Amino acid sequence: MKNKLDSLFFTRLFVSERKQIALMADEKLHSQFSHRLFATGRSEMRIIMESFFYSLNATLPIFIIIILGKFLNHLHIINEPFTKTADKYVFTIALPVLVFQDLTEHDIRSSFDGSYVLFCFLSTLIIILGIWGLTELFMRNEEEKGAFIQASYRSSAAILGLAFIDSMYESSGIAPLMIIGAVPLYNIFAVIILTLKGDKISGQEKGRPERPAQLTDIVTTIKSVLKNPILLAILIALPFAFLGLHLPAFLNKAMDSIADTATPLALLSIGASFEGGKAIRKIKPALTATFIKLVLLAALFLPAAVYLGYRNQELMAVLIMLASPSTVSCYIMAKNTGNDGVLTSSIIVLTTMFSSVTLTIWIFLLHNLHFL
């Protein structure tokens, strides 16, 4: 009897110890899971905050210089003649040099990927033609069309794109090819659209009745397009980019200095010329263009990029191409071709202001889906 009791006691003790061991194992697993979950949450939060602060650091200087332009105008240090001269200088000298430097500073031959360039090219072409066609259908105000179309599609791809990628990855990969695929089209279509719309607005202001386009009108428009400084800069830059040609170091340094004047002068001019009352009256098209630029284009074309297998740097470059704020050069080109500078500056301000949030959300979503 005693042996049976001892056997029963040790059996229960053994079972109890096994239960305790199992319980401890469960607690350890739970602790490990909680730790991993906490670590994952911290990692995701870190990515969100880093993306947000990087976006903020990229966009806040733009606001500061715009506000400085308004302040200097209020103090009469900057006046209308200054902004007109600055606009002309940026349009004819600084901006073409900036475009040339953007297209030629990267060695694209060593990492050339024709399919990636083609994707960026076709996406940009579809976007531009789509926005242009829909604007002609639904926008009634002829004076706003050129400015609306340009600012809705034209990104700060060259300015922000590689800077974002360099902040997140050790190398840019084939991302510079996005500039070759998209930026020339941005500029070429901006020249064509703004020239066509600017000529039409100029004709209306002079009281000329609308009539079917004559051969002389078409020839005049083509001449205006071909004489545009931005287009000439692209035509000169492409052989340098594809053939790997380089300018002498002293000349390249001088051109870098000239290119560096384009953005701050344009921003000062935007600030000095910005009129809040006129901007508020154009808030509806400005908000529509902002939504298109920061949300709609990325929602439509990012899935195609993911489907084609683009990840990390390449996908990040596509995101910047689609969802970065409207470039400052939109304002200079719109104003110098007789298009709506007020609407353009409003779109630049709004897209810059909201992009720090929308870009952060896009980066967070793509990272959570393991595409970045």
Side-chain angles (χ1 to χ4, degrees), residues 52-99 101-102 147 150-151 154-164 167 190 230 254-283 286-287 289-290 293-294 320 324-337 339-360:
F52 176 71
F53 282 116
Y54 190 85
S55 301
L56 212 58
N57 287 332
T59 54
L60 268 182
I62 295 174
F63 272 113
I64 291 170
I65 299 175
I66 289 174
I67 292 168
L68 176 63
K70 192 67 180 174
F71 181 66
L72 293 175
N73 177 252
H74 182 71
L75 295 177
H76 303 292
I77 296 173
I78 290 178
N79 53 21
E80 189 176 349
F82 173 88
T83 60
K84 286 183 176 179
T85 304
D87 291 343
K88 188 174 182 180
Y89 161 76
V90 173
F91 181 68
T92 57
I93 305 296
L95 193 54
V97 173
L98 177 62
V99 170
Q101 295 296 88
D102 284 339
Q150 182 197 203
R154 198 171 175 196
S155 300
S156 303
I159 297 171
L160 289 181
L162 298 182
F164 255 99
S167 75
I230 309 298
M255 291 180 71
D256 280 339
S257 298
I258 295 169
D260 288 341
T261 65
T263 299
L265 272 177
L267 291 172
L268 285 173
S269 183
I270 289 173
S273 306
F274 191 77
E275 299 178 58
K278 289 183 179 179
I280 289 172
R281 288 198 292 273
K282 297 177 183 291
I283 192 66
L287 286 174
T290 300
K293 188 73 215 62
L294 300 182
I320 296 298
S324 62
S326 302
T327 183
V328 176
S329 57
C330 286
Y331 172 77
I332 297 298
M333 290 191 67
K335 199 170 178 184
N336 279 272
T337 51
N339 284 270
D340 195 330
V342 175
L343 176 59
T344 305
S345 61
S346 300
I347 296 169
I348 291 170
V349 169
L350 288 174
T351 55
T352 302
M353 181 170 62
F354 289 120
S355 65
S356 58
V357 176
T358 55
L359 274 175
T360 301

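Remember, predicted model here, so these are calculated numbers, not experimental data.
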At their closest point, which heavy atom of [X] faces which heavy atom of [Y], and how far apart are they?
{"X": "A334", "Y": "T344", "result": "CB-OG1, 3.5 Å"}
{"X": "L294", "Y": "T351", "result": "CD1-O, 3.7 Å"}
{"X": "M255", "Y": "V97", "result": "O-CG1, 3.3 Å"}
{"X": "S329", "Y": "R154", "result": "OG-NH2, 3.3 Å"}
{"X": "I78", "Y": "F82", "result": "CG2-CD2, 3.4 Å"}
{"X": "S156", "Y": "I320", "result": "O-CG2, 4.3 Å"}

Using the side chain to side chain donor-acceptor pair (under 3.5 Å) criterion, which residues pair with [X]? Sequence neighbours excluded.
{"X": "D260", "value": "none"}
{"X": "K70", "value": "none"}
{"X": "T337", "value": "N339"}

Q) Which pairs count as side chain to side chain donor-acceptor pair (under 3.5 Å) when at least one residue sits in residues 86-96, sequence neighbours excluded? A) D87-S269, D87-K335, Y89-T261
Quick one: side-chain contact (heavy atoms from CB on, under 4.5 Å) partners of [X], sequence neighbours excluded?
{"X": "A286", "value": "L343, S346, I347, L350"}
{"X": "L68", "value": "L72, L268"}
{"X": "S345", "value": "I270, F274, Y331"}
{"X": "L75", "value": "F71, I77"}

How long is the gap from [atom1] on [X] to [atom2] on [Y], to the nearest 0.5 Å?
{"X": "L60", "Y": "T352", "atom1": "CG", "atom2": "OG1", "value": "10.5 Å"}
{"X": "L95", "Y": "L265", "atom1": "CG", "atom2": "CG", "value": "11.5 Å"}
{"X": "L98", "Y": "T263", "atom1": "CG", "atom2": "OG1", "value": "5.5 Å"}

State, yes or no, whether a side-chain contact exists between [X] and [Y] at a heavy-atom distance under 4.5 Å.
{"X": "F63", "Y": "V349", "value": "yes"}
{"X": "R281", "Y": "V342", "value": "no"}
{"X": "K293", "Y": "S355", "value": "no"}

Q) Looking only at atom types and distance, does a side-chain atom of S324 sit under 3.5 Å from a main-chain N or O of S155, one as donor and one as acceptor? A)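 No, S324 side chain to S155 backbone: no donor-acceptor pair under 3.5 Å.
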Q. Could you give all pairs that pass the salt bridge (charged side-chain N to carboxylate O under 4.0 Å, His left out) test and reach residues 72-83, with sequence neighbours left out?
A.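 Of all non-adjacent pairs touching residues 72-83, those that pass salt bridge (charged side-chain N to carboxylate O under 4.0 Å, His left out) are E80-K84.
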